[in-house]
Amino acid sequence: MAKDLELYAGEAPPPGWTLDTEAVGVLREAGVSSWNAFHLVGYSGGGAAALAFAAKHPEHLLSLTLLEAAWAGNWDWSPAHAELWKQYGQLESLPPEQFMPAFMRLGVKSDVVLPPPPQGPPPPWTAKRPAGIKAFVEDFKTYDLDRARLAAFTKPVLFVLGVLSNPDDYGEVADRLAAVVSDFRLEVFADRHHFDPPHRIEPDRLAGLLREHWKRAEGPPD
């Protein structure tokens with residue numbers, strides 16, 4: 001099941017939105033399908049929401065897959081990671097037409113050439129992204145991601161990382177999670193970055209990884 005974030009359900013972020021709002025949405029949709037346990041996959045901010053779900057509701061998960069999760073708690077940050085998040089915070093004052101290019105620039109290595117915006121009017125959904133990203137950044141400042149509960153999470157966790165993404169951001173997130181989660185696997189895509197992601201550019205390879213990950217999580221057939 002593909003599910004968009006609750007954050008983008010309306011024209012603006014819902015009042016009082018937090019990562020827990022996303023957990024409620026996941027449980028609601030799982031309930032519609034009568035799924036008591038399931039595999040959860042999240043990309044970017046959705047990855048951060050999926051990680052928060054794993055900490056709050058581990059009993060519902062068979063496995064967790066994080067496609068460059070945007071955040072993984074506020075502990076053990078390196079100086080470079082802390083400086084990067086200062087820069088993310090400084091983006092909040094930029095007008096929308098400057099916000100997204102500056103945000104994307106921070107997410108990749110300095111020598112990566114980002115493509116220009118496509119010609120013509122942007123898709124309507126793009127207008128929601130600056131406010132949504134700002135809501136994520138604001139919530140990350142205070143959200144209590146329970147490290148002890150993540151350390152107790154025993155289901156398989158797959159983290160997919162693009163080599164061309166900013167290593168002080170997504171690379172560090174992967175390293176910190178690897179030090180906490182007991183069953184952690186990192187899969188690296190050499191030519192990908194956060195805005196040129198595997199699920200869009202190399203879907204067949206990623207699909208194979210997911211099938212393998214899910215099969216291992218479910219164990220041998222009875």
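Since the structure is predicted, the reported quantities are computational estimates derived from the model, not experimental observations.
A pairwise comparison of heavy atoms in A69 and A48 identifies CB-N, 4.0 Å as the closest pair.
Here the side chain of R147 pairs no donor or acceptor atom with the backbone of V180 at under 3.5 angstrom. Checking side-chain atoms of E172 against main-chain N and O of P167 turns up no donor-acceptor pair under 3.5 Å. A donor-acceptor pair under 3.5 Å links the side-chain atoms of K128 to the main chain of G10, judged by distance alone. With hydrogens and angles disregarded, a donor-acceptor distance shorter than 3.5 Å links the side chain of T18 to the backbone of D20. Panel note: side chain R149, backbone A55; a donor-acceptor pair is recorded below 3.5 Å. Remark: side-chain polar atoms of H81 are not paired, donor with acceptor, to backbone N or O of Y170 under 3.5 angstrom. Without hydrogens or angle criteria, K109 side chain to N166 main chain gives no donor-acceptor distance under 3.5 Å. Between the side chain of D76 and the backbone N or O of R176 there is no donor-acceptor pair closer than 3.5 Å. S165 places a side-chain N or O within 3.5 Å of a backbone atom of H194 that can act as its donor or acceptor partner.
V26 meets the side chain to side chain contact (heavy atoms under 4.5 Å, CB included) test with F38, L40, F53; sequence neighbours excluded. Partners of F153 according to the ring-ring contact (aromatic ring centres under 6.0 Å, His included) rule, which considers only residues two or more places apart in sequence or in another chain, do not exist here. With sequence neighbours left out, P95 forms a side chain to side chain contact (heavy atoms under 4.5 Å, CB included) with E97, Q98. The side chain to side chain contact (heavy atoms under 4.5 Å, CB included) search around V188 returns V163, L186, not counting sequence neighbours. With sequence neighbours left out, A80 forms a side chain to side chain contact (heavy atoms under 4.5 Å, CB included) with S78, D168.
Aromatic ring centres of F103 and Y88: separated by under 6.0 Å. Aromatic ring centres of F136 and W17: separated by under 6.0 Å.
Ion pair E212/R185 flagged as a salt bridge, since at least one NZ, NE, NH1 or NH2 atom sits closer than 4.0 Å to an Asp/Glu carboxylate oxygen. Residues E187 and R205 are paired through a salt bridge, judged by an N-O separation under 4.0 Å between the basic side chain and the carboxylate. K141 has a carboxylate O that lies under 4.0 Å from a charged side-chain N of E138, or vice versa, which qualifies the two as a salt bridge.
A cation-pi arrangement, defined by a distance under 6.0 Å to the six-membered ring centre and an angle within 45 degrees of its axis, is absent between R105 and F195.
Applying the under-4.5 Å side-chain rule to Ile, Leu, Val, Met, Phe, Trp and Tyr, the cluster around V160 extends to V41, Y43, L67, L158, F189, L206, L209, L210, W214.
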